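Quick caveat, the model's predicted, so the values are computed rather than measured.
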Amino acid sequence: MAAGPPQAKPDRNLALELVRVTEAAALAAARWVGRGDKIAADGAAVDAMRFVLDSVAMDGTVVIGEGEKDEAPMLFNGERIGDGTPPVVDIAVDPLEGTRLCALGMPSALAVIALAERGSMFDPGPCVYMEKIAGAEEIADLLDLDRPLPETLKLIAERKGGSVGDVIVVMLDRPRHEEAIREVREAGARIRLITDGDVSAALLAVSERSPVDLLWGIGGTPEGVLSAAALKSMGGQLLGRLWPRNDEERSAAIDAGYDLDRVLTADDLCSGEDVFFSATGVTDGDVLQGVRYRGKGATTESLVMRSRSGTVRRIQATHDRAKLSEISGGVADRFG
């Protein structure tokens, strides 16, 4: 029998290492759920995330983080993380998406990280916010930031073989969205308003398990990059356009060479061919179950993805807090 072609060995799946990172952050933040202190919750998540990141074999640079070093001594933009060995990668982090959600014990707080080849993640510069619209692969070609929203809702309903009344739009509950909320309701569609959590909302809009059809609104640009990284594996599309908050920010963006009229796709926001993404629930939500404490242990649920293979894993894990503390020299006491 003739020998077949040599089989390439699968390379290292960093997503399965990153899930340890988001699990640690979620376990740490969950100790602060409902305690009213979002700064302490965020700090705990950052400390835990950094502690585990230092053990990951990679040469990483944070391109989407907690701000400049002199403003936030956390996982700041430009920080080098990992053990310094290849691969050389860009990293986007939100150790606790939904700090207020965590502090108030509300749904859908997440710990999130994404990783891709160096130079492949969009740098939003001075622009903190962007207009966004996102949906699953079935309606990806219908997404448009310039078309009136009621018309897009009608097209989505027709594509899905239903009425506009069947369509659900998720958006942040903000004064800047009042006109759009009115338009959606007058069109006959339904709205799920959220107080925080852009990444969770984007995952909701593209998930097959979700009743939500569309994400729309003005939200964080860093969250847009993280969401785009997830969509590289999950499918669907996210379109974004930078939205300066004031004249000063607009001028700074123009001076830095940004085209404020350009519509960015998920591939523009994260152009990597081998993108890894992990999110772990902190509080219960539509996308992920939050951390549950059971006696001396704890459970977590995570979404872990790799774009190169298109693999999306849902991982439920049980953690022994005493053993975590032992192998971390006591540092993991803060993780749960």
- Shortest non-hydrogen separation from Ala109 to Leu96 and the atoms involved: CB-CD1, 4.3 Å
- Linking I/L/V/M/F/W/Y whenever their side-chain heavy atoms sit closer than 4.5 Å, directly or via other members, would Val275 and Leu14 fall into one cluster? no
- Rounded to the nearest 0.5 Å, how far apart are OG of Ser309 and CG of Asp274? 8.0 Å
- Does Arg176 make a cation-pi contact with Tyr129 (under 6.0 Å, within 45 degrees of the axis)? yes
- Do Met234 and Leu110 share a hydrophobic cluster, counting only Ile, Leu, Val, Met, Phe, Trp and Tyr and linking them when any side-chain heavy atoms are less than 4.5 Å apart? yes
- Item | Inter-residue atom distance Leu269.CG - Asp123.CG, 0.5 Å rounding | 11.5 Å
- Query: Is NZ or CZ of Arg250 both nearer than 6.0 Å to the six-membered ring centre of Tyr258 and within 45° of the ring axis?
  - Reply: no
- Close side-chain approach of Leu226 and Asp94, heavy atoms under 4.5 Å: yes
- Item | Heavy-atom check, side chain of Leu303 versus side chain of Val19, under 4.5 Å | no
- Item | Intermediate values then yes/no, side chain to side chain contact (heavy atoms under 4.5 Å, CB included), Met121 and Val63 | CA-CA 7 Å; Met121 286 187 176; Val63 297; 3.8 Å; yes
- Item | Identified side chain to side chain contact (heavy atoms under 4.5 Å, CB included) partner of Leu27 from the options Thr280, Val282, Thr300, Thr299 | Thr300
- Query: In Å, rounded to the nearest 0.5 Å, how long is the span from CD1 of Ile81 to CG of Leu53?
  - Reply: 4.5 Å
- Pair Phe122-Leu242, side chain to side chain contact (heavy atoms under 4.5 Å, CB included): steps then yes or no: CA-CA 12 Å; Phe122 180 76; Leu242 297 176; 4.1 Å; yes
- Message: Looking at Arg159 and Glu138, is there a salt bridge between them, counting it only when a charged N and a carboxylate O are closer than 4.0 Å?
- Response: no
- Query: If you measure from the Lys or Arg side-chain nitrogens to the Asp or Glu carboxylate oxygens, is any gap between Arg241 and Asp261 under 4.0 Å?
  - Reply: no
- Atom pair CG (Leu145) and CD1 (Ile133), whose distance is rounded to the nearest 0.5 Å: 6.0 Å
- Message: If you count every heavy atom of other residues, nucleotides or ligands that lies below 6.0 Å from Glu137 atom CD, does the total exceed 12?
- Response: no
- Is there a chain of hydrophobic side chains (I, L, V, M, F, W, Y, each step under 4.5 Å between heavy atoms) that links Val225 to Val128? no
- Ile315 side chain reached by Glu301 side chain, heavy atoms, under 4.5 Å: no
- Non-hydrogen atoms of Cys102 and Ala29 that approach each other most closely: SG-O, 3.5 Å
- Query: Is it the case that one hydrophobic cluster holds both Met130 and Leu143, taking links as side-chain heavy atoms less than 4.5 Å apart, direct or via other members?
  - Reply: no
- Message: For Arg190, is there an ion pair with Asp166 - N to carboxylate O distance below 4.0 angstrom?
- Response: no
- Quick one: pull up CZ in Arg306 and CZ in Arg313 and give me the separation to the nearest 0.5 Å. 9.5 Å
- Message: Do Leu115 and Met58 have side chains that approach each other closer than 4.5 Å (heavy atoms only, starting at C-beta)?
- Response: yes
- Decide yes or no for Glu97 and Ser200: does some side-chain heavy atom of the first lie under 4.5 Å from some side-chain heavy atom of the second? yes
- salt_bridge(Arg174, Asp196) N-O dist < 4.0 Å: yes
- Query: To the nearest 0.5 Å, how far apart are NE2 in His177 and CE in Met171?
  - Reply: 7.0 Å
- Query: Can you list the steps and then say if Val112 with Thr22 is a side chain to side chain contact (heavy atoms under 4.5 Å, CB included)?
  - Reply: CA-CA 6 Å; Val112 185; Thr22 55; 5.6 Å; no
- Considering only heavy atoms from C-beta outward, does the side chain of Leu239 approach that of Lys132 to under 4.5 Å? no
- Hey, mind stepping through Lys160 and Ile139 against side chain to side chain contact (heavy atoms under 4.5 Å, CB included) and telling me if it holds? CA-CA 9 Å; Lys160 293 195 169 188; Ile139 63 166; 4.1 Å; yes
- Message: Would you say CD of Glu208 has more than 12 non-hydrogen atoms from neighbouring residues, nucleotides or ligands within 6.0 angstrom?
- Response: no
- Query: Do other residues, nucleotides or ligands put more than 12 heavy atoms under 6.0 Å from the CD atom of Glu179?
  - Reply: yes
- Message: Show the nearest heavy-atom pair for residues Ser227 and Ala202, with the distance to one decimal.
- Response: OG-CB, 3.4 Å
- Item | Thr61 vs Arg118, side-chain hydrogen bond (donor to acceptor under 3.5 Å, both in side chains): CA-CA, chis, key distance, verdict | CA-CA 8 Å; Thr61 299; Arg118 179 64 52 82; 3.1 Å; yes
- Item | Common cluster, Ile194/Leu214, ILVMFWY with side-chain heavy-atom separation under 4.5 Å | no
- Message: With a 4.5 Å cut-off on side-chain heavy atoms, are Val164 and Ile156 touching?
- Response: no
- Could you tell me whether Asp255 atom CG has more than 12 heavy atoms of other residues or ligands within 6.0 Å of it? yes
- Task: State plainly whether the residues Asp267 and Lys232 are in salt-bridge range, i.e. N to O under 4.0 Å.
- Result: yes
- Quick one: do Arg182 and Glu178 make a salt bridge, cutoff under 4.0 Å? no
- For the residue pair Ala15 and Phe276, what are the closest heavy atoms and their distance? N-CD2, 3.2 Å
- Message: Can you confirm whether Val21 sits close enough to Val56 that some side-chain heavy atom of one is under 4.5 Å from a side-chain heavy atom of the other?
- Response: yes
- Query: Which is it for Arg80 and Asp59 under the salt bridge (charged side-chain N to carboxylate O under 4.0 Å, His left out) test, yes or no, and what are the steps along the way?
  - Reply: CA-CA 7 Å; Arg80 299 289 293 275; Asp59 180 358; 2.6 Å; yes
- Note on the structure: Result for side chain to side chain contact (heavy atoms under 4.5 Å, CB included) between Leu203 and one of Val287, Asp286, Leu215 points to Val287
- Query: Which atoms form the tightest heavy-atom contact between Leu288 and Ala279, and what is the distance?
  - Reply: CD1-O, 3.4 Å
- Any ion pair linking Glu79 and Arg50 (charged N to carboxylate O, less than 4.0 Å)? yes
- Query: Minimum heavy-atom separation for Ile64 to Pro124, with atom names?
  - Reply: CD1-CD, 3.7 Å
